[in-house]
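As structure tokens, the structure follows; a few thoughts come after it.
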Amino acid sequence: MRCKKCQEKAVIGLPRHNAAFCKGCFNEYVHDQVARAIKAQRMFGQKDRILVAVSGGKDSLALWDILLKLGYQADALHVDLGIPGYSATSREKVERFADAVAASRQAKLIIHVVKQEEGAGIQELANLVNRPTCSTCGTIKRYQFNRAAVERSYDVMATGHNLDDEAARLLGNVLHWQVDYLEKQGPVLPASVEGFARKVKPLYRLAEREVAAYAVLNRIDYIVEECPMAKGSKMLLYKEVLNHLESESPGTKQAFYWGFLDRQTETRPTAGSMAEKDQASLHPCTVCGQPTTADVCTYCKMMARAQAASPR
Ligand code: AMP
Ligand code: FES
Ligand code: ZN
């Protein structure tokens with residue numbers, strides 16, 4: 001197998017593009033896909049300050065690496081969830097990358113420790129509020145991502161969601177006709193109101209296996225294991241189904257998700273009217289001041305319940 005660009009020995013084949021690349025040309029391809037995503041979706045500019053949410057997995061570490069190499073000012077936020085046997089290793093991978101790569105480019109790492117700030121690890125909090133661990137985790141992460149970005153005046157918050165993540169989420173939303181979620185799904189979530197950070201997903205053009213290959217080829221040391229709480233999740237099932245389709249018919253995932261984005265652009269109401277609709281229903285949480293549609297935001301309600309249920 002020869003590289004499509006330079007005819008050197010290829011290290012990876014990309015059936016969906018009917019191509020194969022050597023290491024150098026593959027890195028160029030990855031950087032180019034991210035640069036295209038940023039430009040096509042008007043995610044941010046060279047002068048913007050970006051906060052990357054970094055979990056210690058391949059996607060978010062690769063994203064941080066790529067943004068720095070493309071010359072962006074990108075700091076990172078890691079949320080240490082306090083999950084035994086998982087969170088300590090995740091944090092270690094993030095800290096090691098920050099010391100080895102990011103520090104030389106003047107990029108900073110912020111760490112939010114759930115056990116310290118919220119008073120208990122994710123599992124304990126989930127038990128206290130009697131909710132599934134993953135949804136408790138999702139609420140805390142979304143809240144802390146937004147808060148860090150807004151309080152520290154970042155222009156945009158970036159996550160490592162890739163093509164497989166987005167296609168799987170789309171499949172789930174379509175299978176259950178979650179129309180509200182479908183309307184909001186996309187690589188850019190605008191900062192519709194004050195107090196909400198703009199959120200972007202610059203890896204949406206790259207498949208999971210491409211991001212994994214990038215991480216391995218560039219010696220990015222990441223946590224390979226999935227979060228133990230994700231076992232048996234619907235998302236993993238949807239990914240498996242899509243991978244099966246992809247192996248029989250390369251390009252299916254891309255056609256599915258990108259096709260959705262094309263149609264969304266055609267039918268989406270103007271950004272102004274969406275922002276106005278959102279703005280009308282949002283106001284500051286009476287406890288913490290972050291935007292919410294209720295009096296008290298989901299996070300503050302959850303923390304109050306946890307506090308009431310915790311042994312004194
Ligand atoms: P996941 O939902 O685990 O697939 O994660 C999606 C994205 O959310 C990752 O690519 C990261 O950008 C971000 N993320 C997930 N977990 C964390 C964490 N503990 N700390 C910071 N960012 C995270
Ligand atoms: Fe949140 Fe697994 S990453 S529960
Ligand atoms: Zn609140």
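Order of listing sets the numbers, starting from 1, for every ligand and every atom in it.
Distances from atom 1 (Fe) of ligand 2 show that Cys137 has an N/O/S atom below 2.8 Å.
Taking NZ of Lys234 as the reference point, atom SG of Cys134 lies at 12.5 Å (rounded to 0.5 Å). We find the CZ-CG distance between Phe97 and Leu68 to be 6.5 Å, quoted to the nearest 0.5 Å. The CZ atom of Arg209 lies 10.0 Å from the CG atom of Asn243; values are rounded to the nearest 0.5 Å.
Within a 6.0 Å sphere centred on CG of Asn18, heavy atoms belonging to other residues, nucleotides or ligands number 12 at most. More than 12 heavy atoms of other residues, nucleotides or ligands sit less than 6.0 Å from atom NZ of Lys301. Applying the 6.0 Å contact sphere to CD of Glu8 captures no more than 12 heavy atoms from other residues, nucleotides or ligands.
Heavy-atom separations between Cys134 and ligand 2 include at least one value shorter than 4.0 Å.
Rounded to 10°, the angle that SG of Cys285 and SG of Cys297 form at the Zn ion (ligand 3) is 110°. When SG of Cys288 and SG of Cys300 are joined through the Zn ion (ligand 3), the resulting angle is 110° to the nearest 10°.
Between Val79 and Phe145 the shortest side-chain heavy-atom distance falls below 4.5 Å. Under the 4.5 Å side-chain criterion, counting only non-hydrogen atoms from C-beta, Met302 is not in contact with Leu125.
In terms of protein heavy-atom proximity, atom 3 (S) of ligand 2 is nearest to Lys141 NZ, 3.5 Å.
Close contacts between ligand 2 and Met229 involve ligand atoms 2 (Fe), 4 (S) [criterion: under 4.0 Å to a heavy atom]. Numbered from 1 in the order shown, with element, the atoms of ligand 2 that lie under 4.0 Å from a heavy atom of Cys227 read 2 (Fe), 3 (S), 4 (S).
Using a heavy-atom distance under 4.0 Å as the criterion, the protein contacts of ligand 1 are Ala53, Val54, Ser55, Ser60, Leu77, His78, Val79, Leu81, Lys141, Phe145, Thr159, Gly160, His161.
Of the possible donor and acceptor atoms, none in the side chain of Arg91 sits under 3.5 Å from a partner among the backbone N and O of His78.
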